[in-house]
Undergrad: 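If you scroll down you'll find the structure; I have some questions about it.
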Amino acid sequence: MAFLDLFVVSLIPVLKTLLITVVGLLLAIPRINILGDAARHHLNNVVFYVFTPALIGGSLADTVTAASIASLWFMPVNILLTFIIGSGLGWALVKITRTPEDLHGLVIGSCAAGNLGNLLLIIIPAVCEEDNSPFGDKLTCSANGQGLVSLSMAIGAIYIWTYVYNIIWKYGNLSGKDIAKASTISIDCSGRTLDMFRENYTEALLQSRQSSFNDCEAPDDEYSEVQEYDIAVDDVPDKKETLLTKIKAHLDALSDKINLKMWLTPTTIATIVGLLIGVISPIRKLMIGDQAPLRVFDGSASLLGQATVPAMTLIVGANLLKGMKKSGVGVWLMIGILAVRYVALPIVGIGVVKAAQHVGFVGSDSLYVFILLIQYSVPPAMAIGTITQLFEVGESECSVIMLWTYGMAAIALTLWSTFFMWLVS
């Protein structure tokens, strides 16, 4: 296929994404204010708790089977490599550019975590529907592509809310900023103050950084100062602990480090449910297919999932408005982030995927290989903006990074998609 034809096939889905993004941007401007802060917050919750799980669970149940799942094992490894390599390049970038310490986590996270969700959910089906697509039958390509992208999105979400989340939290703490309001609860034993989260979902995500105390003695009359307790409390002297108490203390410490609520997000739960339905044959026959008795559940999930892409893209556009008002990121730092995301990572990705093909880790499915390659060339994940808002660190700088990286994606993602399609065709 001619390179120009591949370029047109790649350009169309990117232009579709940009047009919807512009609509979201316009809806967020003050004169219109349809997607203001409150509206974005509520729409984001609907996408997070309803639309995205429905899309991922339904797509995985439809496309993933016991036979096919064995051939997809390299995708989680590939996505993990994008995070590790990207964070390594991001770490080198902050050292070279002497980035302020409070922005280290944001820069490393932006280099590590790519948008493996809504962009690919638009690009892959759109590429499949083009007449000159190198991926064969349109219907088969779209169905398989949506399943692969849903798996990619689910795995990416798990890595973002564990790996990148902790990077931003760690560097935010090291910067000396007051992130305690987002990671701990400050308890005043005199009963005067208690700082907690305003949002329920924030409390669930950050519970791994909180400490709880069962008893709090009332202060004596002589002492009226507020007492604050850290998460790690030294052993009380002159008090013998039984073996059971020590075991309980270790379990409590472990539960603080491994927060199941943070891991088991709606996206993760939908991934598990979708995989179980797809892999377990009796359940699959009950729910999947035109003659399945419980096909109404699959149909309802599919209907809800169709709202995911436009809703997420509108939110992306609305969030970019902040980046147009701020300029807290240096020129060389911004150039470095663009170079990492759109030059270094794609080149490294080609080597990784080709090496995996050479040793037999990846088969000859051109669509699967294309998705593995494009995972290295997407802009940063929008969830990074959510994390910075939770910790109240680098919010305006994050908006600037998102504005420039998504603006450049129109050119970079189109060119890399064209090259990747030529490479696999």
Undergrad: Check whether any side-chain heavy atom of Ile160 lies under 4.5 Å from a side-chain heavy atom of Leu116, and answer yes or no.
TA: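 A side-chain contact under 4.5 Å is absent here.
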Undergrad: I'd like to know if the side chain of Thr52 and the backbone of Phe48 have a donor-acceptor N/O pair within less than 3.5 Å.
TA: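 Checking the backbone N and O of Phe48 against the side chain of Thr52, no donor-acceptor pair under 3.5 Å is found.
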Undergrad: Which pair of heavy atoms, one from Val424 and one from Ser366, lies closest together, and at what distance?
TA: O-CB, 3.8 Å
Undergrad: Testing the basics here: between Ile155 and Pro76, what is the closest heavy-atom pair and its distance to 0.1 Å?
TA: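 Minimum heavy-atom separation between Ile155 and Pro76: CD1-CG, 3.5 Å.
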Undergrad: Walk me through whether Asp365 and Val369 qualify under side chain to side chain contact (heavy atoms under 4.5 Å, CB included).
TA: CA-CA 6 Å; Asp365 184 353; Val369 176; 5.7 Å; no
Undergrad: Quick check for you: to the nearest 0.5 Å, what is the distance between Leu372 atom CG and Gln357 atom CD?
TA: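 Taking CG in Leu372 and CD in Gln357, the distance rounds to 8.5 Å.
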Undergrad: Side chain to side chain contact (heavy atoms under 4.5 Å, CB included), that's the test. Do Val164 and Phe83 meet it? Break it down for me.
TA: CA-CA 8 Å; Val164 174; Phe83 277 69; 3.7 Å; yes
Undergrad: Can you list every ring-ring contact (aromatic ring centres under 6.0 Å, His included) pair that touches residues 265-291, not counting sequence neighbours?
TA: none
Undergrad: Show which side-chain atoms of residues 286-300 pair as donor or acceptor with protein atoms under 3.5 Å away, not counting sequence neighbours.
TA:
unit_1 : atom_1 : unit_2 : atom_2 : d
Arg295 : NE     : Asp290 : O      : 3.3
Arg295 : NH1    : Ala292 : O      : 2.8
Ser300 : OG     : Val296 : O      : 2.9

Undergrad: Report the distance from atom CE of Met334 to atom CG of Leu403, rounding to the nearest 0.5 Å.
TA: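 Answer for the CE-CG pair, Met334 versus Leu403, is 8.5 Å.
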Undergrad: Below 3.5 Å, can you tabulate the donor-acceptor pairs from side chains in residues 337-350 to any protein atom, sequence neighbours excluded?
TA:
unit_1 : atom_1 : unit_2 : atom_2 : d
Arg341 : NE     : Val378 : O      : 2.8
Arg341 : NH1    : Ser110 : O      : 3.0
Arg341 : NH1    : Cys111 : O      : 2.9
Arg341 : NH2    : Val378 : O      : 3.2
Tyr342 : OH     : Thr405 : O      : 2.5

Undergrad: Identify the heavy atoms of Ala311 and Val47 that sit nearest to each other, and give their distance.
TA: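 Scanning both residues, the minimum pair turns out to be CB-CG2, 3.6 Å.
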Undergrad: For Leu139, which residues count as a side chain to side chain contact (heavy atoms under 4.5 Å, CB included) partner, sequence neighbours excluded?
TA: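 Testing Leu139 for side chain to side chain contact (heavy atoms under 4.5 Å, CB included), a comparison that skips the adjacent residues, returns Asp137.
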Undergrad: Verify side-chain hydrogen bond (donor to acceptor under 3.5 Å, both in side chains) between Tyr163 and Ser87, making sure each step is shown before the conclusion.
TA: CA-CA 10 Å; Tyr163 184 79; Ser87 58; 2.7 Å; yes
Undergrad: Could you tell me if the side chain of Leu55 sits less than 4.5 Å from the side chain of Gln306, heavy atoms only?
TA: no
Undergrad: Rounded to the nearest 0.5 Å, how far apart are CD1 of Ile124 and CG of Leu367?
TA: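 Separation between the atoms: 6.0 Å.
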Undergrad: Looking only at heavy atoms, which two atoms of Val127 and Met421 are closest? And how far apart?
TA: CG1-SD, 3.8 Å
Undergrad: Measure across Gly305 and Ala54 and return the closest heavy-atom pair with its distance rounded to 0.1 Å.
TA: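 Heavy atoms of Gly305 and Ala54 come nearest at N-CB, 4.0 Å.
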Undergrad: Mind checking whether Ile32 and Ile29 have side chains closer than 4.5 Å, heavy atoms only?
TA: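 Answer yes - side chains close enough.
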Undergrad: Show the numbers, then the answer: is there a side chain to side chain contact (heavy atoms under 4.5 Å, CB included) between Val23 and Leu26?
TA: CA-CA 5 Å; Val23 173; Leu26 293 175; 5.7 Å; no
Undergrad: Would you indicate whether the side-chain heavy atoms of Ile384 and Met402 approach each other to under 4.5 Å?
TA: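 Met402 vs Ile384: side chains touch.
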Undergrad: Hey, does Lys354 have a side-chain heavy atom less than 4.5 Å from the side chain of Leu423?
TA: yes
Undergrad: Would you mind reporting whether Ile56 and Met153 have side-chain heavy atoms less than 4.5 Å apart?
TA: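 Result yes, sub-4.5 Å side-chain heavy-atom pair found.
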Undergrad: Hey, what do you get for OG1 (Thr97) to CG (Leu103), rounding to the nearest 0.5 Å?
TA: 9.5 Å
Undergrad: For side-chain hydrogen bond (donor to acceptor under 3.5 Å, both in side chains), just list the numbers for Asn115 and Tyr406, CA-CA rounded to whole Å, side-chain angles, deciding distance to a tenth of an Å, and then say yes or no.
TA: CA-CA 10 Å; Asn115 189 329; Tyr406 277 80; 2.8 Å; yes
Undergrad: Go through Tyr376 and Trp416 one step at a time and tell me if the ring-ring contact (aromatic ring centres under 6.0 Å, His included) criterion holds.
TA: CA-CA 10 Å; Tyr376 287 89; Trp416 280 115; over 10 Å; no
Undergrad: Please assess Leu35 against Leu43 for the test side chain to side chain contact (heavy atoms under 4.5 Å, CB included), listing each intermediate value before the final yes or no.
TA: CA-CA 9 Å; Leu35 276 180; Leu43 181 58; 4.0 Å; yes
Undergrad: For Phe51, enumerate each residue passing the ring pair (Phe, Tyr, Trp, His ring centres under 6.0 Å) test, keeping only those at least two apart in sequence or located in another chain.
TA: none
Undergrad: If you round to the nearest 0.5 Å, how far is CD1 of Ile20 from CG of Leu15?
TA: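 That separation rounds to 11.5 Å.
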Undergrad: How would you list, by chain and number, every residue that makes a ring pair (Phe, Tyr, Trp, His ring centres under 6.0 Å) with Phe370, sequence neighbours excluded?
TA: Phe135
Undergrad: Between the main-chain N or O of Ile277 and the side-chain N or O of Arg284, is there a donor-acceptor pair closer than 3.5 Å?
TA: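 Absent.
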Undergrad: At what distance, to the nearest 0.5 angstrom, does NZ of Lys285 lie from CD1 of Ile280?
TA: 13.0 Å
Undergrad: Report yes or no: does Ser152 contribute a side-chain atom to a donor-acceptor pair with the main-chain N or O of Leu148 at less than 3.5 Å?
TA: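 Looks like no, no N/O pair under 3.5 Å.
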Undergrad: Quick one: does any side-chain atom of His104 pair with a main-chain N or O of Thr99 as donor and acceptor, under 3.5 Å?
TA: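 Yes, the answer is positive, given that a donor and an acceptor are paired below the 3.5 Å cut-off.
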Undergrad: Counting C-beta onward and ignoring hydrogens, is there a side-chain heavy-atom pair between Leu413 and Ser377 closer than 4.5 Å?
TA: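 The answer is yes, as the side chains (C-beta and beyond) meet within the 4.5 Å cut-off.
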Undergrad: Below 4.5 Å, heavy atoms only, C-beta onward: do Ile167 and Lys170 meet side chain to side chain?
TA: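 Not touching, per the 4.5 Å side-chain cut-off.
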